[in-house]
Number of protein chains: 2
Amino acid sequence: MLIVLDKPRRDRAAERREATSAEIVDAAWEAAREQGLAAFTLKEVAERVGMRAPSLYGHFASKTAIIDAMFAQAWREYRVVADETFSAVPSAPREALGAVATTYFEFAVADLVRHQLMDTAAVPGFRPSDEAYAPSVAVYEQLVGLLHRLGITDPDERDLYTALIGALVEQQLANDPGGERWRRLLPRAVDMYADHVGLPGPSLQGEP
Amino acid sequence: MLIVLDKPRRDRAAERREATSAEIVDAAWEAAREQGLAAFTLKEVAERVGMRAPSLYGHFASKTAIIDAMFAQAWREYRVVADETFSAVPSAPREALGAVATTYFEFAVADLVRHQLMDTAAVPGFRPSDEAYAPSVAVYEQLVGLLHRLGITDPDERDLYTALIGALVEQQLANDPGGERWRRLLPRAVDMYADHVGLPGPSLQGEP
DNA sequence: GTCTATACACCGATAGAC
DNA sequence: GTCTATCGGTGTATAGAC
């Protein structure tokens, strides 16, 4: 069935409204980065967009709704980044594993509070809505597909992989934010894992 | 020099005072487990020990001081557990690594909020006092000593080990609390790491 | 759509009586 | 040591004027 939409004329009012909502979400990210994900206040958000706190309720039904929008935005962004990597994944197994790991690592490490919101239970009581949650499922399925193509079908080995890469992210953020201490270990960790599951090919590292 | 302490007679008042402080700390753990580490309130703590909130200030100078006492207690407890493991560490390298990893894993997984307080930055702005922090340094030095005896002296390899075990803890707590999904991977992960650093000996797992 | 004013609840911490 | 009373502050959210 073809659906013809009448008058695709721009709705300037709606556009402006959406732009304001986006501004609010951006301001919420800033506030969360300064005060913490659970601790930032609507007053801080409002000030950044030149409003008073109650005015935010014209755009979001609650503080939780703002956090949900942040969650959705973060995963949408990562989905774009991950799609790019998965669409041009190297054919060599170890390089493939390394590319996917690097993409995730860099995205997570680039923004602490974003990582906390996406990957940890940092906001007490927060549960993302189904729409906000959907992109994370899609990305995980891409990973499962890649591992399958590499012959890694055991769910336990899958868990070990995600744990290993997640570990490096956690340690990097917790113990050396902005540094290189754990990032440098990424090829080594991928090699260790590749050896473990019996992937062929030469080491990702130069000669040790 | 020998220091002779006069009159080691029991000071019943001091004992009672200390017991009350311990009660308060216990109540704070309970409150933190229910409301979250950063979110629990002094009122909740006070109610559990049959007091009013202001009375807590007769025992602790601030809410932060209570959290500091919790931090110190947790690491003291772990120090006892770790001392036991390290004092009777198996002579076989892989078993040694596995025993130490298991001790840490089980202690961390047994209590989410305790783990959050000990090993993550879950309380915004909280910095443990030096006395409270000391036991964690002691435990880490024990680990470094063991790895040295096993021939693992590269700091990068040390980091990889702590990241790997820490990762399993995080995943277990975040994705399967109370379950076995990541605990079961512990021997596999230790083996993977042992292979990686070239430790001798048979696999920790039965025949795969 | 944004404002002011305010409701309502709760927080950590202090003062001072007992 | 523990209490009551209270201070000074914060927070989310709503009501109603403009």
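Chain letters run A, B, ... following the sequence lines, proteins first, then strands; residues in each count from 1.
- Among the protein residues, B/Phe40 comes within range of the sugar-phosphate backbone only, with heavy atoms under 4.0 Å from sugar or phosphate atoms but none that close to a base.
- Rounding to whole angstrom units, NZ of residue A/Lys43 and C1' of D/dT10 are separated by 9 Å.
- B/Phe71 does not carry B/Arg127 over the face of its six-membered ring by the limits of under 6.0 Å from the centre and within 45° of the normal.
- By the 6.0 Å and 45° rule, B/Lys63 stacks over the aromatic ring of B/Phe40.
- Going from atom OH of A/Tyr57 over to atom P of D/dA15 covers 12 Å, rounded to whole Å.
- Salt bridge absent: B/Asp26 and B/Arg48 never bring a charged side-chain N and a carboxylate O closer than 4.0 Å.
- Between B/Ala13 and A/Thr41, the residue anchored nearer the 5' end of DNA chain D, judged by the nucleotide with its closest heavy atom, is B/Ala13.
- Partners of A/Thr41 according to the side-chain hydrogen bond (donor to acceptor under 3.5 Å, both in side chains) rule, which considers only residues two or more places apart in sequence or in another chain, are A/Glu44.
- A/Leu56 places its CG atom 10 Å from the P atom of D/dT12, with the value rounded to the nearest Å.
- The span of DNA chain C lying next to chain A, judged by atoms under 4.0 Å from heavy atoms, is bounded 5' to 3' by C/dG1 to C/dA5.
- Under the 6.0 Å distance and 45° angle rule, A/Arg94 does not count as a cation-pi partner of A/Tyr193.
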Practice problem: Show the numbers, then the answer: is there a side-chain hydrogen bond (donor to acceptor under 3.5 Å, both in side chains) between B/Asp119 and B/Tyr104? | Solution: CA-CA 11 Å; B/Asp119 300 319; B/Tyr104 174 73; 3.2 Å; yes

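- In this structure, CD of A/Gln35 is placed 13 Å from C1' of D/dG11, rounded to the nearest angstrom.
- No contact: B/Thr20 has no heavy atom under 4.0 Å from any strand.
- To the nearest angstrom, C1' of D/dT10 lies 12 Å from CG of A/Leu42.
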